[in-house]
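Every chain is numbered from 1 and lettered A, B, ... according to where its sequence line falls, protein lines coming before strand lines.
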Amino acid sequence: MKKTVLVLFFITSAALLKAQSLKASMDRGQKVYEKVCLSCHMADGGGVPHLNPPLSQTSYVLGDKSKIIYIVLHGMTDRIPIDDEFYSNNMATHTDLNDQQIADVLTYVRNSFGNKASAVTAAEVKAVRNKKK
Amino acid sequence: MKKFLLYAFCLNISFAAYASGNDGVKKSADENAGLKLPAGFTAVKISENIGRARHIAVTTQGNVYVKSSKLYNGKGIFYMKDLNGDGIVDTVFGFGKYTGTGIAIKNGYLYASSDEEVFRYKLNDKNEVINPDQPEKIITGLINRHQHESKSIALDNDGNIYVNIGAYANACQEKDRTLHSKGRMPCPILDSAGGIWQFKANKLNQTYGDGIRYATGLRNVVGLDWNNQTNTLFVMQHGRDQLHDNWPELFDSKQSAELPAETMYELHKGSNAGWPYIYYDPIQHKKILAPEYGGDGKIEGGKDAQDPTVAFPGHMAPNALLFYTGNQFPEKYKNGAFIAFHGSWNRAPEPQKGYLVAFVPFKNGKPSGEWEIFADDFAGGDEFMSPNKAKHRPTGLAQGPDGSLYVTDDVKGAVYKISYKK
């Protein structure tokens with residue numbers, strides 16, 4: 001009985017801690033978003049039709065994390081469709097943002113605008129940054 | 001075999017028989033199709049939900065050709081007719097299996113552009129395309145690097161066609177749209193884009209070597225028109241974006257929402273509007289050195305670049321220009337310029353604006369007064385922050401044989417007809 005209580009205690013505190021750190025990352029990420037991303041992708045993540053892609057419910061945002069980390073770091077100049085739509089504007093590179101900032105902003109984007117996906121960690125950003133371009 | 005026969009049958013369908021109802025348009029309860037207009041003007045939505053309507057040409061018979069930037073039933077040009085005379089399109093014939101923006105009628109031909117090429121189609125005496133599946137390719141191989149890719153067209157009275165080739169960059173930086181990235185010197189884009197090229201209207205398969213770089217230093221022109229009064233080409237430039245994003249220590253987001261101006265130029269052979277080295281500040285009324293080239297928002301530049309004919313507020317995205325020569329509208333509109341503004345995105349976090357048709361009065365080929373809003377509320381009326389909330393966005397302009405003004409929209413493919421009744 002004692003053991004079960006202890007285990008339950010650890011599970012709930014772990015979940016609480018996780019929720020707290022997610023909230024903290026989201027809050028920091030929102031600040032990065034407003035400074036760096038909002039002017040093209042808009043406050044509601046809706047983007048600009050045919051120019052700047054939306055960030056709500058798109059496969060790029062919700063899918064493979066390393067792919068979206070790479071795009072934030074190195075920008076995007078290729079003409080490739082995003083969920084069957086083409087977007088004309090090039091995306092800037094953001095190598096000036098640190099690993100934590102990119103992790104935070106992606107965690108924010110992946111959990112805003114109707115999105116729900118796992119958090120991105122600084123270690124995951126670092127791994128992509130260190131890969132040869 | 002059956003499939004083949006069906007295909008052959010489809011190809012044989014004649015022009016008039018290819019009738020389909022314009023299911024998109026129901027007589028709207030909205031007064032003036034939801035538009036806000038000056039007193040005495042009325043608007044009717046004559047078509048909707050067919051492609052992504054870009055530029056438009058109206059025949060002397062009052063029929064309409066629309067170029068679409070999205071295929072609809074596999075077609076990119078739509079010829080629209082009102083057969084029963086109720087003012088609403090009821091027959092649409094689609095042809096041209098390519099997307100694009102430019103379309104124009106001149107001397108018995110319909111001209112239309114993709115994002116790399118320009119085609120022309122011979123017209124019969126009713127201004128109907130004789131052979132919709134076999135156009136002549138007059139220009140080919142134009143640069144399309146997906147940014148500012150549309151190729152708008154205009155024709156003069158001496159057998160020339162003018163094509164916009166937009167710069168595939170915002171400000172010719174080493175890294176496009178990137179914080180503190182410097183401008184390339186000289187900007188290598190300008191040899192093959194960032195200007196207006198002149199070609200022959202009747203020569204086949206022309207490319208860069210056959211044309212002339214007529215004007216340079218124009219970041220992206222979507223709206224352009226030949227002015228028959230001055231016998232010159234006028235263009236509307238889309239000014240650069242992201243002054244605050246890329247140079248936050250020089251421009252705050254409020255300044256960045258207003259700078260730079262969207263500019264009109266009267267061009268001559270050899271004209272230079274100064275992009276990317278300068279931009280036009282509509283508050284200081286000066287050409288300002290771009291921050292990518294050492295500017296700070298105050299240092300002037302562009303001694304070799306011409307001043308704009310008219311400067312409009314920033315980021316409103318002028319997508320069409322039309323000099324009005326009709327007799328239907330009141331006298332003040334004669335020979336003046338209508339401009340279709342697509343509406344802003346790069347004003348965020350400030351509210352968006354400019355989803356409207358503007359007017360500038362002209363006398364003797366020069367502006368004779370301030371610009372004003374002619375038709376407004378395309379986006380839906382209320383203030384809004386996100387361009388994807390806009391219901392309609394003005395994109396093309398044409399004048400009908402009765403002097404009515406046609407406006408296209410590339411959100412829902414709507415075509416509006418604006419008329420004046422005292």
Side-chain angles (χ1 to χ4, degrees), chain A residues 30-58 61 70-98 101-102 105 108-109 112-115 129 133, chain B residues 52 54 69-70 99 101 115 144-150 166-171 173-181 220 238 241-246 248 251 253 256-257 315 317 342-352 384-393 395 409-412:
Chain A
Q30 184 174 1
K31 291 204 176 77
V32 177
Y33 185 84
E34 284 167 1
K35 196 174 160 205
V36 181
C37 318
L38 183 148
S39 81
C40 295
H41 293 287
M42 302 293 139
D44 63 357
V48 181
H50 321 306
L51 292 181
N52 307 326
L55 303 176
S56 48
Q57 304 291 315
T58 70
V61 169
Y70 186 91
I71 292 171
V72 171
L73 275 168
H74 302 296
M76 177 129 107
T77 56
D78 301 332
R79 182 166 172 81
I80 32 178
I82 296 172
D83 298 333
D84 299 327
E85 271 291 348
F86 286 96
Y87 296 90
S88 296
N89 282 349
N90 287 333
M91 169 143 165
T93 66
H94 297 95
T95 41
D96 57 305
L97 296 177
N98 66 34
Q101 286 173 310
I102 292 178
V105 77
Y108 171 74
V109 166
S112 302
F113 322 129
N115 297 333
R129 196 192 293 265
K133 210 184 160 185
Chain B
R52 214 176 263 160
R54 299 283 288 178
S69 60
K70 187 177 188 177
T99 59
T101 291
D115 293 338
N144 170 11
R145 295 201 188 153
H146 69 79
Q147 198 170 183
H148 305 146
E149 69 274 38
S150 65
Y168 42 91
N170 176 39
Q173 291 163 287
E174 285 162 9
K175 284 185 178 166
D176 194 24
R177 298 180 184 271
T178 292
L179 181 73
H180 295 154
S181 179
N220 186 32
H238 282 224
D241 306 323
Q242 296 189 282
L243 282 168
H244 169 69
D245 293 340
N246 290 174
F251 305 91
S253 59
S256 194
H315 308 299
H342 200 220
S344 68
W345 64 268
N346 196 219
R347 287 177 52 80
E350 299 299 307
Q352 304 299 344
F384 66 108
M385 310 303 284
S386 195
N388 73 352
K389 297 281 192 295
K391 292 192 175 74
H392 299 281
R393 304 185 74 174
T395 301
D409 143 61
D410 70 353
V411 177
K412 297 204 181 72

Taking side chain as everything from C-beta outward and backbone as N, CA, C, O, which of these in [X] sits under 4.5 Å from a heavy atom of chain A? Side chain, backbone, both or neither.
X: B:Gln173; result: neither
X: B:Arg145; result: neither
X: B:Arg393; result: side chain

Report which part of [X] has an atom under 4.5 Å of a heavy atom belonging to chain B: side chain, backbone, both, or neither.
X: A:Asp44; result: side chain
X: A:Asp78; result: backbone
X: A:His94; result: neither

**Message:** Has B:His146 got a side-chain atom pairing as donor or acceptor with A:Asn90's backbone, closer than 3.5 angstrom?
**Reply:**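 No, the answer is negative, given that no donor and acceptor are paired below the 3.5 Å cut-off.
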
**Prompt:** Hey, does B:Pro349 have a side-chain heavy atom less than 4.5 Å from the side chain of A:Leu38?
**Reply:**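 When only atoms from C-beta onward are counted, B:Pro349 and A:Leu38 do touch, with a gap below 4.5 Å.
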
**Request:** Pick whichever of B:Arg52, B:Lys389, B:His180 has the most heavy-atom pairs under 4.5 Å with chain A.
**Result:**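 Heavy-atom pairs under 4.5 Å are most numerous for B:Arg52.
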
**Request:** Look at B:His148, B:Glu149, B:His244 and state which one has the largest set of heavy-atom pairs under 4.5 Å with chain A.
**Result:**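 The residue among B:His148, B:Glu149, B:His244 with the greatest pair count is B:Glu149.
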
To the nearest 0.5 Å, tell me how far [X] [atom1] sits from [Y] [atom2].
X: A:Asn89; Y: B:Gln242; atom1: CG; atom2: CD; value: 7.5 Å
X: A:His50; Y: B:Lys70; atom1: NE2; atom2: NZ; value: 7.5 Å
X: B:Gln147; Y: A:Arg79; atom1: CD; atom2: CZ; value: 11.5 Å
X: B:Asn388; Y: A:Ser56; atom1: CG; atom2: OG; value: 7.5 Å
X: A:Asp96; Y: B:Thr178; atom1: CG; atom2: OG1; value: 8.5 Å
X: B:Asp176; Y: A:Met76; atom1: CG; atom2: CE; value: 13.5 Å

**Asked** If you count heavy-atom pairs under 4.5 Å between each of A:Gly47, A:Ser39, A:Cys40 and chain B, which one has the most?
**Response**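 With the most close heavy-atom pairs to chain B, the winner is A:Ser39.
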
**Message:** Out of A:Lys35, A:Glu34, A:Met91, A:Glu85, return the one with the most heavy atom pairs under 4.5 angstrom to chain B.
**Reply:**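 Greatest number of close heavy-atom pairs with chain B: A:Glu85.
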
